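Down below is the structure, laid out as structure tokens.
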Amino acid sequence: MTDTKATIADVARAAGVSRAAVSKVLRSAYGVSDAMRTKVQAAIDELGYRPRVAARAMRGSSYILGIEIPNTANMFLDRVLRSLASALVGTPYRVIIAPAGEDENSTKAIQELVDYQVDGILAIGANASPDWLEEQGRMRPLVMLGRHEPSSSYDTIGDDDVLGTRLLMGHLHELGHRRIAHLSITTANHPHMWHSSHAVRSRTYDAIMREFGLGEQARTVLVTPTEEAAYQRTLVLLEEPNRPTAIFAGHDELALGVLRAVVEKGLSPADVSVVGYDDSSIASHPLVSLTTIRQSADVIGSLVAQMLLERIAGRTEAVHTVLTPELRVRRSTAPPLHSGT
């Protein structure tokens, strides 16, 4: 079978069973004995059989879950995806990924997954209108990470971004910082992203600055969601005569860019403290030591897998899960050199 592709009929003949029996094994159907599964799997391995995704989709299932992500360079999201893949071990499901790309077009990426006939979709911070997402959720299982809409046709999961922002801002204020800038991402400013994590963090930052009596000093700077963009913009901030004494970066990737600029300028946390959000894997590295908010990527990935499989199995009511954030204080923050500034 090295010159031609094996078929399901070939597998059935090699295993000495019917094509229907092979199909049941491939679908992990109820009632398949261990002996049958072992026999069929041995034939599949011997022949190198690979089921055709399109054909399986026509029969009702592709056994593929689609993941829409903003970009492929986010360490926290990488951990979420690895956790999701681990949770799917032992099931017939695998994942494919569709990055939104530089144009941040989530609708295009999600539509590509739909065209591939995936059985369910995880969309991460999708830059798409709530009405369009509701329509997609009515047609197939959809879980949204990083948005907090009160949706009726799709599930949501995310951190309590209000509490997380309050923990960070309270920490900076208690240290004595008053000139606190916020670095967020450009999509947070889009009208239909009102319920996104970054938009919620930005609004909460503004509200807290007003509560502190610092409303006139509140400043949000928008950048594309990359470390390099954050680095370049921070270099400009640090050259200003009344530069911030602390910078709240919307997530850890941005915070790394901020830290790079701060170190390059020869400044310490007492000159400019930096906080991030997510507690990505590099945040606790001794050479980084980033104060940040911990979200459990492992828990999120596992819950996403559970939600999608429940939806595929027939659950119709929407589930909205909010996780409790935790502050992780490290060496990237310190009291300012001149208290009250």
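Residue numbers run from 1 in the order of the sequence given. Since this is a predicted model, take the numbers as computed values, not measurements.
The closest side-chain donor-acceptor pair between Asn127 and Thr187, if any, does not fall under 3.5 angstrom. For the 3.5 Å distance criterion, the side chains of Glu68 and Ser106 qualify, holding a donor opposite an acceptor. Side-chain contact, Thr291 with Thr333: a donor N or O sits under 3.5 Å from an acceptor N or O.
Residue pairs meeting the ring pair (Phe, Tyr, Trp, His ring centres under 6.0 Å) criterion with at least one partner in residues 122-171, sequence neighbours excluded, are absent. Each ring pair (Phe, Tyr, Trp, His ring centres under 6.0 Å) pair with one or both residues in residues 68-101, not counting sequence neighbours, appears once here: Tyr63-Tyr93.
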Does the pair Glu240 and Arg179 meet the rule for a salt bridge (Lys or Arg N to Asp or Glu O under 4.0 Å), with working shown?
CA-CA 12 Å; Glu240 296 179 354; Arg179 294 199 307 274; over 6 Å; no
Residue pair Asp271, Arg243: steps toward the side-chain contact (heavy atoms from CB on, under 4.5 Å) verdict:
CA-CA 10 Å; Asp271 298 304; Arg243 73 186 180 205; 4.0 Å; yes
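The CG atom of Leu113 lies 10.5 Å from the CD atom of Gln136; values are rounded to the nearest 0.5 Å.
Among the candidates Met307, Gln306, Met144, His320, the single residue satisfying the side chain to side chain contact (heavy atoms under 4.5 Å, CB included) test with Ile157 is Met307.
In the hydrophobic clustering of this structure, Leu237 does not group with Leu168; members are Ile, Leu, Val, Met, Phe, Trp, Tyr whose side-chain heavy atoms approach within less than 4.5 Å, directly or through other members. Linking ILVMFWY side-chain heavy atoms closer than 4.5 Å, directly or via other members, places Val221 and Phe248 in two distinct hydrophobic clusters.
With sequence neighbours left out, Asp159 forms a side chain to side chain donor-acceptor pair (under 3.5 Å) with Tyr277.
Side-chain N or O atoms of Arg219 include none that pairs as donor or acceptor with a backbone N or O of His182 at under 3.5 Å.
Within 6.0 Å of atom CD in Glu216, 12 or fewer heavy atoms from other residues, nucleotides or ligands are found, so the atom counts as exposed in its surroundings. The 12-atom threshold is exceeded at CZ of Arg315, counting heavy atoms of other residues, nucleotides or ligands nearer than 6.0 Å.
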